[in-house]
Amino acid sequence: MNKLEPVVSVIVPTYNSERTIEKCIESLLGQTLPNFDIYVIDDGSTDKTFTCLKKFDADHRVHIYTQANKGVSSARNNGLKRVRTKYITFVDSDDFVSPTYLERLVHGIESRPVEMAICNIPSNFMFLSKNTVLDSGEVMNMLLSPYGMGGYLWNKIFESKIIRDNDISFNEDFFVAEDLIFCEQYLVHAKKVNLLTTHDYHYNDLNGVSKNIKFRENNVDFYLNYFNALKYILSMETNINNIEKNLKARMCDLGCDIVRIINLNKNIEYYNVKKELLNFINQNKGIFFESSIINDKRKILLKLTLYYPILVEFIDRYKNR
């Protein structure tokens, strides 16, 4: 019997995932959709990840590649170069999916005139009673909201042709929000997005990055990389649905937290960075305070950080004793 031509490829970057990679791949192999490929890119693991992957060698749907450790963006780009299917989606190696994950995503992008479909995830903001089609510009703004769906890759399905035709790839200069940059670049070339009510992706947030800043840790570089990723998106020179204003508001919000970390940890070496951030915030605070993607609590916090920094530092220090 002839096997069906694969319609979608799943790219799975992995690094030292010996505890989770088997469950991840097994959940993909258990899909109700029969015709798909899996591209696993091992980014130079030093544990038994590759040994775990060998048990899937016999399955024609699983394609395993290794590379020197270059980071998740490089691994995903490696996978992108190999894909030949109409659609692409991404799964992280410490997560797993429901059996209907691929079938519902493919149906979501093929059943309506859209270029992307997004499935819901547990604890997400999308409390939808039915599938909803939105303009891509509206979704671009939703990805920027700190309380929105986020710029994740793994609950979305993309058209390969849009990626190839517009030379979209992962920027390897960023180790934070590289997925958001990819999604925003893609949406610039899309028209419509189908938001699905289904919850088929199971995200392991124990290994993820906390959305709350851990002020006891000196993690300025991490959040600066995120800030610069937003700055990079701003440089794309697109102002669909006021995305420029929302980007600046989000950058002010993030900049406020970076300033707080610098103040709390007495990072003298970041004095010039703090000065530049405060200058940016002061230049764009009007946009920030008018923004609909920033809640009132965050607006009050930024105002206190600007005008009463010693008080904010005292409160942060008390909370992080």
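All values derive from a computational prediction rather than experimental measurement. Just the heavy atoms: all of them, side chains too, but no hydrogens, waters or symmetry mates, feed the values below.
To the nearest 0.5 Å, atoms CG (N279) and CG (N272) are separated by 12.0 Å. Taking CG of L304 as the reference point, atom CD1 of I310 lies at 13.0 Å (rounded to 0.5 Å). Residue L33 holds its CG atom at 6.0 Å from CG of L102, rounded to the nearest 0.5 Å. With rounding to the nearest 0.5 Å, the separation of CD1 in I21 from CG in L53 is 5.0 Å. The line from CG of N16 to CG of N69 is 8.5 Å long, rounded to the nearest 0.5 Å. Going from atom CD1 of I281 over to atom NZ of K274 covers 11.0 Å, rounded to the nearest 0.5 Å.
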Test ring-ring contact (aromatic ring centres under 6.0 Å, His included) applied to F90 and W154, step by step: CA-CA 5 Å; F90 299 86; W154 30 259; over 10 Å; no
Derivation and outcome, ring-ring contact (aromatic ring centres under 6.0 Å, His included), residues F174 and Y232: CA-CA 10 Å; F174 296 99; Y232 179 84; 5.7 Å; yes
Audit row: Y226, F175, ring-ring contact (aromatic ring centres under 6.0 Å, His included) steps and yes/no: CA-CA 8 Å; Y226 191 1; F175 56 86; over 10 Å; no
Verdict with supporting geometry, H107 and E110, side chain to side chain contact (heavy atoms under 4.5 Å, CB included): CA-CA 5 Å; H107 181 262; E110 290 193 333; over 6 Å; no
Verdict with supporting geometry, V91 and L28, side chain to side chain contact (heavy atoms under 4.5 Å, CB included): CA-CA 9 Å; V91 169; L28 286 168; 4.2 Å; yes
Steps toward side chain to side chain contact (heavy atoms under 4.5 Å, CB included) verdict (L234, M251): CA-CA 10 Å; L234 187 63; M251 290 168 71; 4.2 Å; yes
Intermediate values then yes/no, side chain to side chain contact (heavy atoms under 4.5 Å, CB included), I118 and L196: CA-CA 6 Å; I118 304 176; L196 310 177; over 6 Å; no
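A salt bridge between R250 and D253 is present, with a side-chain N of the basic residue lying under 4.0 Å from a carboxylate O of the acidic one. Under a 4.0 Å N-O distance rule, the pair D257/R260 qualifies as a salt bridge. Looking at K156 and D179, no side-chain N of the basic residue comes within less than 4.0 Å of a carboxylate O on the acidic one, giving no salt bridge.
Side chain of N228 to backbone of L224: a donor-acceptor contact under 3.5 angstrom is found. A donor-acceptor distance shorter than 3.5 angstrom exists from the side chain of S160 to the backbone of T85, with no hydrogens or angles considered. A donor-acceptor distance shorter than 3.5 angstrom exists from the side chain of H199 to the backbone of T197, with no hydrogens or angles considered. When atom types are taken as modelled, the side chain of S27 and the backbone of F96 share no donor-acceptor pair closer than 3.5 angstrom. Between the side chain of D135 and the backbone N or O of G137, no donor-acceptor pair lies under 3.5 Å.
Clustering ILVMFWY residues whenever any of their side-chain heavy atoms sit less than 4.5 angstrom apart, transitively, puts I300 in the very cluster that holds I294. Using a 4.5 Å cut-off between side-chain heavy atoms of Ile, Leu, Val, Met, Phe, Trp and Tyr, with links allowed through other members, F56 and Y15 fall into different hydrophobic clusters. Hydrophobic cluster membership is shared by M116 and L144, with clusters built from Ile, Leu, Val, Met, Phe, Trp and Tyr side chains linked at under 4.5 angstrom. In terms of hydrophobic clustering, with Ile, Leu, Val, Met, Phe, Trp and Tyr side chains grouped at heavy-atom distances under 4.5 Å, Y65 and V72 are assigned to different clusters. If you chain together hydrophobic residues whose side chains sit under 4.5 Å apart, M142 and L254 fall into the same group.
Using a 3.5 Å distance cut-off with no hydrogens or angles, the side chains of N171 and S73 do not pair a donor with an acceptor. For the residue pair D95/N204, the side-chain donor-acceptor check at 3.5 Å is not satisfied. One side chain, Y101 or T89, offers a donor N or O that lies under 3.5 Å from an acceptor on the other. A donor-acceptor pair shorter than 3.5 Å can be found between the side chains of N77 and E172.
Counting only heavy atoms from C-beta outward, the side chains of R104 and C119 never approach each other to under 4.5 Å. Here the side chains of R76 and I41 are not in contact, with every heavy-atom distance at 4.5 Å or above. Taking 4.5 Å as the limit, some side-chain heavy atom of V40 sits within range of a side-chain heavy atom of I25. In this structure, the side chains of F227 and L277 come closer than 4.5 Å at one or more pairs of heavy atoms. Inter-residue side-chain proximity for V259 and L278 is flagged as met; some heavy-atom pair is nearer than 4.5 Å. The closest side-chain heavy-atom distance from I163 to I168 is below 4.5 Å. Two residues are said to be in side-chain contact when any heavy atoms from C-beta on lie closer than 4.5 Å; V12 and D92 fail this criterion. In this structure, the side chains of N263 and V312 stay at 4.5 Å or more apart for every pair of heavy atoms.
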Below 3.5 Å, can you tabulate the donor-acceptor pairs from side chains in residues 180-191 to any protein atom, sequence neighbours excluded?
residue: Y186; atom: OH; partner: E115; partner atom: O; Å: 2.5
residue: Y186; atom: OH; partner: E159; partner atom: N; Å: 2.8
residue: H189; atom: ND1; partner: N166; partner atom: OD1; Å: 3.1

For residues 284-291, run the donor-acceptor check on the side chains, cut-off 3.5 Å, and write out each pair with its distance to 0.1 Å, sequence neighbours left out.
residue: N284; atom: ND2; partner: F280; partner atom: O; Å: 2.9
residue: K285; atom: NZ; partner: Y307; partner atom: OH; Å: 3.0
residue: S291; atom: OG; partner: I293; partner atom: N; Å: 3.2

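Applying side chain to side chain contact (heavy atoms under 4.5 Å, CB included) to Q31 and the options V10, T100, V97 leaves one that passes, V97.
Around atom OH of Y308, no more than 12 heavy atoms belonging to other residues, nucleotides or ligands sit under 6.0 Å away.
Pairing each heavy atom of T49 with each of S17, the nearest pair is OG1-N, 2.7 Å. Across every non-hydrogen atom of L230 and L247, the tightest pair is O-CD2, 3.8 Å. When all heavy atoms of N78 and R82 are compared, the pair lying nearest together is OD1-NE, 2.8 Å. Among all heavy-atom pairs drawn from C52 and E18, the shortest one is SG-O, 3.8 Å. The two residues N246 and N141 make their nearest non-hydrogen contact at ND2-OD1, 2.6 Å. Closest heavy-atom contact between K192 and V114: O-CB, 3.5 Å.
Sequence neighbours left out, the pairs with a member in residues 20-46 that pass salt bridge (charged side-chain N to carboxylate O under 4.0 Å, His left out) are E22-K55.
Taking the six-membered ring where tryptophan is involved, the planes of H63 and Y39 are essentially parallel, since the angle between them stays under 30° and well short of 60°.
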